[in-house]
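Notes for the one structure printed next.
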Amino acid sequence: MKRSPSSLKDVRLKKLEELVESGIQPYTTGFRPDLRSSELKSKYGGISEEDNVSDIVRIAGRIMAVRVLGKASFMRIQDVAGDIQIYLARDILGVETYNQAKKLDIGDIVGMSGSPFKTRTGELSLAVQSFVLLTKSLRPLPEKWHGLSDVEIRYRQRYLDLMVNRSSREVVVARTQIISYLRNFLTDRGFLEVETPMMQTIPGGATARPFETFHNALNRQLYLRVAPELYLKRLLVGGFDRVFEINRNFRNEGISTQHNPEFTMLEFYQAYSTYDDMMSLTEEMLSSLAIKIVGSQSFKYGDRDVDLTPPWPRITVKESLLNHGVLNSNEVEDRNAVFIKALELGVPVDKDDSLGKLLMAIFDEVVEGNLWGPVFVHHYPVEVSPLARRNDDDPAVTDRFELYVCGREMANAFTELTDPVDQRNRFEEQVRARQAGDEEAHFLDEDFLRALEYGMPPAAGEGLGIDRLVMLLTNAQSIREVILFPHMRPEKGLE
RNA sequence: GGGCCGUUAACUCAGGGGUAGAGUAUCUGCCUUUUAAGCAGAGAGUCGCUGGUUCGAUCCCAGCACGGCCUACCA
């Protein structure tokens, strides 16, 4: 570490030495506050400037602002609940203690004991009678007006961001409330929360490239899961009729404002139900969640309005293409016409792609981003839905939907494929695609097929991207705003 | 992966071919109800890194690193 004699950190290290020399412990344990700042405010907020409160209360927190007025000083102490002003006066503390208090720095964590009172301007404050330095801070905090806005520092040093930016703390709280709400919502309906493997020998359940790792003792390759789906369905086979998991998935793909290599998914499965039931459940779950979190079913995302009031429109993939005008009703059934249209649109397609794949390629390219929603798009082609049940009337499509809100896929659900013979065929098709170079194609999971051969009850399941849901409800434009420690390249030159 | 933009003090930002500026923060002094406290003074930067052009580069050029946005892949 480089040390110029006058660096801000060295100034504080010198103070630290002086504190120790004068017998003050700079990292003290054992102080227990009575109240958080918000509790102090609600308990004593009603006092008047004339009141002489004799109660002594203890608060703890970080010094965020210091105003020394000579023989008296004010400081702002921040804790998790907010902040409270404290008043330090020489004639209360005595000369020696007051001079020690003046050595406290912005950033230090302190415990303060004193009596609540109101200042001339009517602000509830704490007149300190004694204090203790709990943690000496050695680095200066970001500037008090503009705070910390450099996104790189905000993400890399999230602790700093949380310290100085209230909005960042609010996102954390909202995220926790959202997950808690979803957990209770499902638990209340008889769902059992489970945990399934993150490290898998055969990564399954989604079309995605997995991360690879290696188990030394077993001398074999393992994958980080791309989805929990196949394990949750094994639990349906085992007899649990409603299960869910809220946990991390890992996909070895690009990073963007919508994508982090690890992200959180809610997956839930319900036996004896269909994807229609999933749509109703999703409407109820997310619209009530919105009321809980933002206070209304309609709210702003960016500069546009979103309204989650049920029911939400339901259209098929083909209808969405027709509605958009990109294809007409003759073309949409004609594989070659669709292929030509894809080429015209510059959509990346392969000459061997099936009708279903081509339709989805065009959908992804031109329709998806325009689906402000909320809208359920259903009847996905069977070729791109290897785990979903075929539609009884049209075996070329599946009983699958994706929920779109604000041009983004929020959820993916389907009536599950329970036929082990069909499932084997679908897997084999995926294996052929993998052998042809598709690194995202599914692996064949022989044990999963064996489970289906024992018999899985008819069921529907859904995956819901938690990060994107949190983005929607906190009006965040980047997934990194809703993940505490988003993935970053290693920092160079760190001391 | 591709394109564009950015990187100057601890933070927020100006500046610009002749070796650097502001506010906040820090330090010193004054100040017993401030709250963007005030007043006076001071210190603080290898201008992201490495090369090139130039008498001279923080500035111009190239490469690299990191970040942002768009794009691609995906959820």
Side-chain angles (χ1 to χ4, degrees), chain A residues 2 4-12 14-15 49 64-76 83-93 98 103 105-107 117-123 125 127 137-157 160 163-164 205-209 226-227 249-267 346-348 361 364-365 368-369 402-404 408-412 438-440 463-469 471 477-480 486 488-494:
Chain A
K2 193 165 54 183
S4 62
S6 51
S7 85
L8 297 173
K9 191 170 153 190
D10 286 335
V11 168
R12 295 215 179 177
K14 189 157 169 288
K15 275 191 190 178
E49 287 174 46
M64 298 304 286
V66 175
R67 292 180 285 277
V68 179
L69 294 94
K71 297 178 188 66
S73 302
F74 288 93
M75 293 184 182
R76 188 154 295 283
D83 56 39
I84 185 79
Q85 177 171 267
I86 60 138
Y87 176 68
L88 299 153
R90 199 174 71 173
D91 57 12
I92 301 176
L93 294 169
Y98 182 69
K103 289 199 176 125
D105 286 309
I106 292 174
F117 76 107
K118 279 219 170 140
T119 64
R120 281 178 197 160
T121 53
E123 176 167 356
S125 307
S137 173
L138 299 180
R139 289 178 184 264
L141 256 44
E143 199 234 14
K144 66 180 176 186
W145 298 6
H146 308 89
L148 179 67
S149 57
D150 183 320
V151 291
E152 184 168 355
I153 301 176
R154 286 186 49 235
Y155 298 154
R156 284 194 197 282
Q157 297 178 255
L160 258 192
M163 222 182 275
V164 301
T207 305
R209 285 173 64 177
V226 295
N249 289 344
F250 308 87
R251 299 191 185 173
N252 204 341
E253 284 153 2
I255 297 172
S256 76
T257 54
Q258 315 290 318
H259 303 84
N260 196 62
E262 50 180 309
F263 63 101
T264 301
M265 258 305 246
L266 161 64
E267 283 205 10
V347 176
D364 289 342
E365 191 76 18
E368 176 177 321
E402 288 191 349
L403 169 65
Y404 284 88
R408 293 177 193 152
E409 181 188 340
M410 296 288 299
N412 176 27
D438 182 355
E439 291 187 74
E440 293 174 351
L464 200 152
I466 296 296
D467 310 279
R468 290 181 178 178
L469 182 61
M471 286 171 69
Q477 302 304 314
S478 168
I479 198 168
R480 294 180 155 200
M488 302 286 277
R489 285 191 164 90
E491 186 177 356
K492 263 183 83 173
L494 188 62

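What's counted below: heavy atoms across the whole structure, side chains too, no hydrogens, waters or symmetry copies. Convention: sequence-line order gives letters A, B, ...; per-chain numbering from 1.
Mapping S478(A) and M265(A) onto RNA chain B by nearest heavy atom places S478(A) at the nucleotide closer to the 5' end. Each of N412(A) and A89(A) was assigned the nucleotide of RNA chain B with the nearest heavy atom; the assignment lying further toward the 5' end belongs to A89(A).
Side-chain N/O atoms of E402(A) and Y404(A) include a donor and acceptor closer than 3.5 Å.
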Protein-nucleic acid N or O pairs under 3.5 Å, nucleotides 24-26 of chain B:
{"unit_1": "A25(B)", "atom_1": "OP1", "unit_2": "K144(A)", "atom_2": "NZ", "d": "2.9"}

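Here the nucleotide nearest the side chain of V68(A), chosen from C31(B), A72(B), G67(B), is C31(B). Listed nucleotides: G68(B), A75(B), U34(B). Nearest to the side chain of V151(A): G68(B).
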*Checking side chain to side chain contact (heavy atoms under 4.5 Å, CB included) for the pair N249(A)/V226(A): CA distance, chi angles, key distance, verdict?*
CA-CA 5 Å; N249(A) 289 344; V226(A) 295; 5.8 Å; no

_Candidate pair V164(A) and E143(A), rule side chain to side chain contact (heavy atoms under 4.5 Å, CB included), full reasoning_ = CA-CA 9 Å; V164(A) 301; E143(A) 199 234 14; over 6 Å; no

*Carefully, step by step, assess R468(A) and F263(A) under the rule side chain to side chain contact (heavy atoms under 4.5 Å, CB included).*
CA-CA 9 Å; R468(A) 290 181 178 178; F263(A) 63 101; over 6 Å; no

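At whole-Å resolution of the value, CG in D83(A) and C1' in U34(B) are 15 Å apart. C5(B) atom C1' lies 15 Å from atom CD of E152(A), rounded to whole Å. A straight line from CZ of F74(A) to P of A37(B) spans 12 Å, rounded to a whole angstrom. As a whole-Å value, the separation of Q477(A) CD from C69(B) C1' is 13 Å. In this structure, the CG atom of D364(A) is 8 Å from the P atom of A75(B), given to the nearest Å. As rounded to whole Å, 10 Å separates atom C1' of G68(B) from atom CG of D150(A). One interatomic measurement links the two molecules: CG of L69(A) to P of U34(B), which rounds to 7 Å at whole-angstrom precision. The separation between N252(A) atom CG and G1(B) atom C1' is 14 Å, rounded to whole Å.
Of the P atoms belonging to C59(B) and G52(B), the separation is 14 Å, rounded to the nearest Å. Nucleotides U7(B) and G15(B) are separated by 10 Å at their P atoms, to the nearest Å. The separation of C27(B) from A20(B), taken at their P atoms, amounts to 26 Å, rounded to a whole angstrom. Annotation: A62(B) and C5(B) have their P atoms spaced 11 Å apart (nearest Å). C4(B) and G45(B): their C1' atoms are spaced 29 Å apart (whole Å). Comparing U58(B) with G48(B), their P atoms are spaced 10 Å from each other, to the whole Å. Atom C1' of C49(B) sits at a distance of 11 Å from the matching atom of C66(B), rounded to the whole Å. Comparing the P positions of G41(B) and U24(B) gives an interatomic distance of 13 Å, to the nearest angstrom.
With rounding to the nearest 0.5 Å, the separation of CD in Q258(A) from CD in Q477(A) is 9.0 Å.
Not a single donor-acceptor pair under 3.5 Å links the side chain of Q157(A) to the backbone N or O of L160(A).
Backbone-only contact: T257(A) has heavy atoms under 4.0 Å from sugar-phosphate atoms and none from a base. Across all strands, F117(A) comes closer than 4.0 Å to base atoms (heavy-atom distances). G147(A) comes within 4.0 angstrom of sugar-phosphate atoms only, judged by non-hydrogen atoms across all strands, and of no base. Counting non-hydrogen atoms under 4.0 angstrom, M410(A) reaches nothing in the nucleic acid. Using a 4.0 Å heavy-atom criterion, one finds that R76(A) contacts the bases of the nucleic acid, with or without backbone contacts as well. Within 4.0 Å of R156(A), counting heavy atoms only, lie sugar-phosphate atoms of the nucleic acid but no base atom. Nucleic acid contact for G465(A): none, since no nucleic acid atom lies under 4.0 Å from a heavy atom of the residue. Contacts of Q85(A) with the nucleic acid, taken as non-hydrogen atoms under 4.0 Å apart, include base atoms. Note on E262(A): nothing from the nucleic acid sits closer than 4.0 angstrom, heavy atoms only. At a threshold of 4.0 angstrom between heavy atoms, the contacts of R120(A) include nucleobase atoms, whether or not backbone atoms are also involved. Among the atoms of the strands shown, base atoms are found under 4.0 Å from some heavy atom of Y87(A).
Regarding contacts with the backbone of G38(B), every side-chain N or O of R67(A) stays at 4.0 angstrom or more from both OP1 and OP2. For the OP1/OP2 pair of C73(B) and a distance below 4.0 Å, the side-chain nitrogens and oxygens of R251(A) include no atom meeting the criterion. Contact annotation: R489(A) side-chain N/O to C66(B) OP1/OP2 distance is under 4.0 Å.
The minimum heavy-atom distance linking R76(A) with E123(A) is given by the pair NH2-OE2, 2.9 Å. What you find for Y98(A) and A89(A) is that their closest heavy atoms are CD1-C, 3.9 Å.
An aromatic stacking contact links F263(A) with the base of A75(B), defined here by ring centres under 5.5 Å apart and ring planes under 30° from parallel.
Looking at E123(A), its side chain has no donor and acceptor atom pair within 3.5 Å of the base of U34(B). Applying the 3.5 Å distance criterion, the base of U12(B) shares no donor-acceptor pair with the side chain of S149(A).
Annotated as anti: U71(B), whose O4'-C1'-N torsion sits more than 90° from 0.
Between E152(A) and M488(A) there is a side-chain heavy-atom pair separated by less than 4.5 Å.
Salt-bridge check for R251(A) with E440(A): failed, with every basic side-chain N at 4.0 Å or more from each acidic carboxylate O.
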